[in-house]
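The next block holds one structure in the form of structure tokens; read it before the comments.
The first residue in the sequence is number 1, and the count goes up from there.
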Amino acid sequence: MALAELYTQYNRVWIPDSEEVWQSAEITKDYKAGDHFLHVQLEDGTELDYPVDPPALPPLRNPDILVGENDLTALSYLHEPAVLHNLKVRFVESRLIYTYSGIILVAINPYKQLPIYGDAIIHAYSGQNMGDMDPHIFAVAEEAYKQMARFSVKNQSIIVSGESGAGKTVSARYTMRYFATVSKSSSNAHVEDKVLASNPITEAVGNAKTTRNDNSSRFGKYTEISFDPSYRIIGANMRTYLLEKSRVVFQSENERNYHIFYQLCASAMQPEFKHLKLGSAEEFHYTRMGGSTTIEGVDDRANMIETQKTFALLGLKEDFQMDVFKTLAAILHLGNLEITAVGDERSSINLEDNHLNIFCELLELNSDKMAQWLCHRKIITTSETVIKPMTKPQALNARDALAKKIYSHLFDYIVERINQALQFSGKQHTFIGVLDIYGFETFDVNSFEQFCINYANEKLQQQFNLHVFKLEQEEYMKEDIPWTLIDFYDNQPVIDLIEAKMGILELLDEECLLPHGTDENWLQKLYNNFVNKNALFEKPRMSNTSFIIQHFADKVEYKCEGFLEKNRDTVYEVLMEILKESKVCIQSVMINFSLSLLMETLNATTPHYVRCIKPNDEKQPFEFDSKRVAQQLRACGVLETIRISAQSYPSRWTYIEFFSRYSILMTQQELSFSDKKQICKIVLQRLIQDPNQYQSGRTKIFFRAGQVAYLEKLRSDKLRHACIVIQTSVRGWLQRRRFLCMKQAAITIQQYFRGQQAITAQALKQTWAAIIIQKYCRGYLVRKLCQLIHVAAVTIQAYTRGFLARKKYRKMLEEHKAVILQKYARAWLARRRFQNIRRFVLNIQLSYRVQRLQKKIEEQVSVIKLFSSALNLAYCTDIILQLQFFIFPVVFKRVLESHFQSQKENYEKEIEGLNLKVEHLSQDINHLQKLFREENDINDSIRLEVSRLTSENMVRCSQAKHVSVTLQYNPKLLVLQSPQKLALYFYIMNLMTLLYADLKPRGVVVNTIPGLPAHILFMCVRYADYLNDADMLKSFINVTIDGIKQVVKENSEDFEMLSFWLSNTYYFLNCLKQYSGEEEFMKHNTPRQNNNCLKHFDLSEYRQVLSDLAIQIYHQFILVMENNIQHMIVPGMLEYESLQGISGLKPTGFRKRSSSIDDTDTYTMTSILQQLSYFYSTMCQNGLDSELLKQAVKQLFFLIGAVTLNSLFLRKDMCSCRKGMQIRCNISYLEEWLKDKNLQSSNAKETLEPLSQAAWLLQVKKITDDDAKEICEHCTSLSTVQIVKILNSYTPIDDFEKRVTPSFVRKVQAMLNNREDGPQLMLDTKYHFQVMFPFTPSPHALEMIQVPSSFKLGFLTRV
């Protein structure tokens, strides 16, 4: 489509304006070829017939959807008004100071402190691709660091330029701070702190207040930050250029000298500075010339203290610092030196001059010589040496030249010492250079300093042009697009005018060599050589002391006065000889400005460009002066980049972006293809007839200027047509519904009206008859229905009662059977109990009878003895033998026989019982012998195991460490006298080896109680307590703790192992509490568990150690989970779009989003949920306590919310209504996951509240006062800074959405002023909630715990 065809009604164009540079206007009538006027209406309603030239129609304005883009190259129309308007919208309305312009970062000075430079922001940008986040100085620094470190590209350079007051120094400082943060040195030298500390020193001696900037750098600085092979900072080196020495002796109105002088004067009354004999800055000529000795909001005394601290941090000792301060004080006293005119040809200095004596005293110089040679000069000819007096002006010039020379030497000396402090041993692997140099300068009066600055900028601009040209060529070649030569501005003619043979600089050097060379003679040579001969050189019409050079940025008029003197930069030789006599060390190796060396360094690196812009001259925050900004954009090369891009194919979309954005323009047939790339090509052939207006590359589509705007117009028309169709249907439905309501109302009215007319006697009779009939008919129907219902109810009741009776019968039958079973069971139990009681009673009776029998035997033995004695007496007595009774012997014999028979039977029974006891004792002896043999076998196996472990210890260092630690805690262990204790020690070591080295979580958690290893460990502790062996207990617990530490250290990235040992450490800690014997931990114990409490030792000290260890494991456990899920959060929560029809992709310009390059292997919300489920299942399998699990989930949800919200703050392209819907949907998925896992009580949902409110804020209406009030009431979890940031970043995705007006943002901000929240923008993703370890007693009795054979702990025996 031809560009002229876009000048139709309702389209908008840019019209030149004298005040705003450009103003917007809407076309009121279609433009036709041949028309000489364009009919437009300005924004204030003014009608205007704008005269046009067909080849040069006014530039078209971009659609609103493209306004406010992160990258200027994403604009469809690339020209100056589009760039200016885009920057203004971002800066004034969105409060965004950074914008990309291709490879350039445009940084506009906000003149206000913004909360976008904290460590949280640094970490947010670290590791991110440049197009994935909002433009930022940290993004440029990360790109340089990533290309150097992650992609092993060559050395890098960051070129920061801009005019005074644009923020160059601050930008360079932030880049160095970024490198120092992301590449921390591993040494204790704190090299990165020293690199950062060099900034305050160089700013003190090289920065000054100007009319444009309170902290203007008056020198150029190139800092090389060196990195080792691990890409950590090891040192730095600084080179300086173009120090403005003239500022030492002269300052314009409302300007100051260098900061260090005012810092010194503010500290004059301090004891360490009294010998410098200084006073206030108003007392010295060199510090009061500008009439402004103070800066609002700046404390020079405090800055002096900071300067001294940074000197000390760099290792620059107090004697060096004092030499520096002496030299600076001497310069101030030199400026107050009174030179008196003696006639017209001579001048003199009073030898009693106080300032002369102080100057010489501080620098340890001869005051007589100094007074003489400041007023005289020595002229050496071939035949003689002539001493010539100087006039007062000449003497004053000599004094000022000496002051400038001293300060220049001092400045170089300080830089030299800083470089020495930043030196490093070893070889530099790579470096990143940061160049902080003046931008193009033009003032009312421009002199030699501006000439040098602009010459350097010409060289830098040439290097920049070539680099842009090279990148464009590489992009075309990478995408296989035919390369066409692009006409770009070549400033080589200007450089030749300045530096070529017989150029301006050569003529200047030639004039300086002449004894009587003057500025006027040199200027005349320039006129003769270049006027009317070189189009870039002009002579002013109204001046004979100036010349004009056409630079790439603008025409600059230079005043020739002082060119020769400043170019010579000489001090009389005699004064230099006197200075050399000084013992104050201020001499340095001269560092001359070498532009060629700088350009050689930059050309050998990959450059990154930062262009700093000053928005207004009044230093007002967020005020945009279009004239000043446009001037700087032309000067810094931004518009040249835009012009180069516009000549080719400025708009570049990936196929995925194009498909997502313009699928609405595709037909069903086109969408049926599976290859998105092919679909895009087919659609483009249909939509854009001219194939020269676009090119299809390998991964991107390249569009000519205006084609994206044309596609956006087609898309808007299609959406508008769809809206009209929807509106037509909705309005038709509403009208039909209204019509039906009206129709029904009319029918009702008609009904009543007709009924009123039809009331007659006949009608009343008929009506009454009809009612009677209806009554009987309805009664009949109701009775019939009632009977039917009655029969149905009776039937249902019958079946129900039958069912209940059968159920009751079955229950009684089951209970009867149960009673029978109980009867027999109870009978059996009663019989068994009776038998046990009877057996017990029999045993008691047996014992009693045995005792009685033993007593009876003893009595019978005594009777037998008596009887025997009686028999002996009978034999002895002849009288008795002679009685001859017959019955007595027989009876006596029978009595004895029966008695002895019963005794014999009793003895046989006793012998039989004793034999049984002997037999039982033999069996016990055999069993004990068997146990003894088994013990010997176990000891033999232990010896074999010890030998095996000894051999394995030679290989396994971790086990050797366990042994060494154990011996360290108990050195007597190897010399224990008891072999049982030595064996127990080896039991412990074997147990530690199996539990720590060989035990795998997946093999333990199946079919075992939670924390089984912890219970095993505690049972070993209890055994040591049972033996009352303190050494054994101490050794075992120390080995246990060290073993856990070792396994956690060796598996510090293994989530499953950390989860397993966190769980077991927690259970081990709980066991020590539960069985400690303390009442507070025994409340829920069973009596059996109370019997297992420790008896001899108090382990409270070890409990504290274990608690600290558990906290350490928990934090490592959380860290591993965070590392595993963090890279999924932003792609899944923000970038992936699961809701149909809410695609938020827009043009991204030169800096492509990484997620837009390829849609394969991207993380989705499902990926996050799967990872969370994996964490949850692993924690459950390892028996992690439910409270600990909830705390871990809460921490993870906080991370998800914080990372997502932080990324939202830094990604303007994500701040849209549709993205708010997607975020709200993703939050609902997380809430559903919590509900599914029954974790609602974990308070994890509350951690997502800030993100939820941010999503709501993106979706809610933002127009009226009520909307502002609702926002303030609802967004209680967001700070004022965060709410304002989201409102400022809100980006409409379509023309149908409205931007948030600055007045609405200010309204919300005013309502939120009463809130007491901090200025912090980002959430701290490193924040960890305090972990609590609740005491949960184990329900398992120790004696009931079984050790699975899979543990391979067969050497353990339960006692």
Side-chain angles (χ1 to χ4, degrees), residues 1-2 5-6 8 63-66 74 76 479 649 651-704 706-734 736 1131 1135-1148 1152-1153 1155-1162 1164-1166 1213 1216-1219 1221-1222 1225-1226 1292-1297:
M1 184 176 184
E5 297 179 29
L6 294 174
T8 58
D64 285 341
I65 187 65
L66 297 179
S76 181
E479 294 292 327
Y649 298 93
S651 302
R652 301 164 191 187
W653 289 54
T654 65
Y655 289 100
I656 297 168
E657 288 176 335
F658 183 86
F659 181 86
S660 178
R661 180 72 176 171
Y662 297 115
S663 58
I664 192 174
L665 299 177
M666 301 173 186
T667 64
Q668 290 296 326
Q669 182 181 0
E670 291 168 342
L671 290 172
S672 63
F673 295 103
S674 58
D675 187 0
K676 293 181 180 179
K677 185 174 180 180
Q678 187 64 27
I679 294 174
C680 294
K681 291 181 178 180
I682 295 173
V683 172
L684 282 173
Q685 290 174 2
R686 176 171 58 84
L687 296 178
I688 301 178
Q689 303 299 324
D690 185 0
N692 190 42
Q693 297 301 314
Y694 69 92
Q695 288 284 349
S696 298
R698 294 174 61 231
T699 62
K700 302 175 188 174
I701 307 172
F702 291 67
F703 294 98
R704 294 279 188 190
Q707 296 308 306
V708 171
Y710 170 64
L711 292 174
E712 284 295 320
K713 181 177 181 298
L714 294 179
R715 184 176 183 273
S716 298
D717 292 343
K718 186 74 176 286
L719 290 174
R720 187 175 289 106
H721 176 70
C723 288
I724 291 172
V725 171
I726 294 172
Q727 287 174 346
T728 301
S729 301
V730 172
R731 287 169 180 168
W733 176 77
L734 291 173
R736 281 193 298 275
E1135 295 175 351
Y1136 184 73
E1137 296 173 344
S1138 60
L1139 297 179
Q1140 295 296 324
I1142 68 160
S1143 173
L1145 286 178
K1146 292 173 57 181
T1148 55
K1152 287 294 176 185
R1153 288 187 294 265
S1155 60
S1156 69
I1157 296 174
D1158 190 4
D1159 62 347
T1160 59
D1161 299 330
T1162 55
T1164 65
M1165 192 62 210
T1166 305
D1213 58 310
S1216 64
C1217 177
R1218 300 182 185 185
K1219 188 55 65 177
M1221 295 168 57
Q1222 182 67 64
C1225 176
N1226 292 337
I1293 298 298
D1294 281 311
D1295 293 336
F1296 308 105
E1297 298 181 43

Whether [X] side chain and [Y] backbone form a donor-acceptor pair below 3.5 Å:
{"X": "Gln707", "Y": "Arg704", "result": "no"}
{"X": "Gln695", "Y": "Asn692", "result": "no"}
{"X": "Thr728", "Y": "Ile724", "result": "yes"}
{"X": "Glu479", "Y": "Ser696", "result": "no"}
{"X": "Arg715", "Y": "Ile664", "result": "no"}
{"X": "Lys677", "Y": "Arg698", "result": "yes"}

Looking at [X] and [Y], what are the two nearest heavy atoms and their distance?
{"X": "Phe673", "Y": "Ile682", "result": "CE1-CD1, 3.9 Å"}
{"X": "Val683", "Y": "Met666", "result": "CG2-CG, 3.4 Å"}
{"X": "Ile701", "Y": "Cys680", "result": "CD1-CB, 4.1 Å"}
{"X": "Leu687", "Y": "Leu711", "result": "CD1-CD2, 4.0 Å"}

Check whether more than 12 heavy atoms from other residues, nucleotides or ligands sit under 6.0 Å from atom CD of Gln669, and answer yes or no.
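Count not over threshold, so no.
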I'd like to know whether Val708 forms a side chain to side chain contact (heavy atoms under 4.5 Å, CB included) with Tyr694, so could you lay out the CA-CA distance, the side-chain angles of the two residues, the decisive distance to 0.1 Å, and finally the verdict.
CA-CA 10 Å; Val708 171; Tyr694 69 92; over 6 Å; no
[atom1] of [X] to [atom2] of [Y]: how many Å apart, nearest 0.5 Å?
{"X": "Lys681", "Y": "Phe658", "atom1": "NZ", "atom2": "CZ", "result": "12.5 Å"}
{"X": "Gln689", "Y": "Leu684", "atom1": "CD", "atom2": "CG", "result": "11.0 Å"}
{"X": "Gln1222", "Y": "Ser1216", "atom1": "CD", "atom2": "OG", "result": "10.0 Å"}
{"X": "His721", "Y": "Ile726", "atom1": "NE2", "atom2": "CD1", "result": "10.5 Å"}
{"X": "Thr1166", "Y": "Tyr1136", "atom1": "OG1", "atom2": "OH", "result": "6.5 Å"}

For side chain to side chain contact (heavy atoms under 4.5 Å, CB included), just list the numbers for Thr667 and Arg686, CA-CA rounded to whole Å, side-chain angles, deciding distance to a tenth of an Å, and then say yes or no.
CA-CA 11 Å; Thr667 64; Arg686 176 171 58 84; 4.1 Å; yes
Chi angles and distances behind the side chain to side chain contact (heavy atoms under 4.5 Å, CB included) call for Asp675, Tyr655
CA-CA 10 Å; Asp675 187 0; Tyr655 289 100; over 6 Å; no
Assign the ring pair Trp653 / Tyr662 to parallel, tilted or perpendicular, where the plane angle (0 to 90°) is split at 30° and 60°.
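Ring orientation, 0 to 90° scale: tilted.
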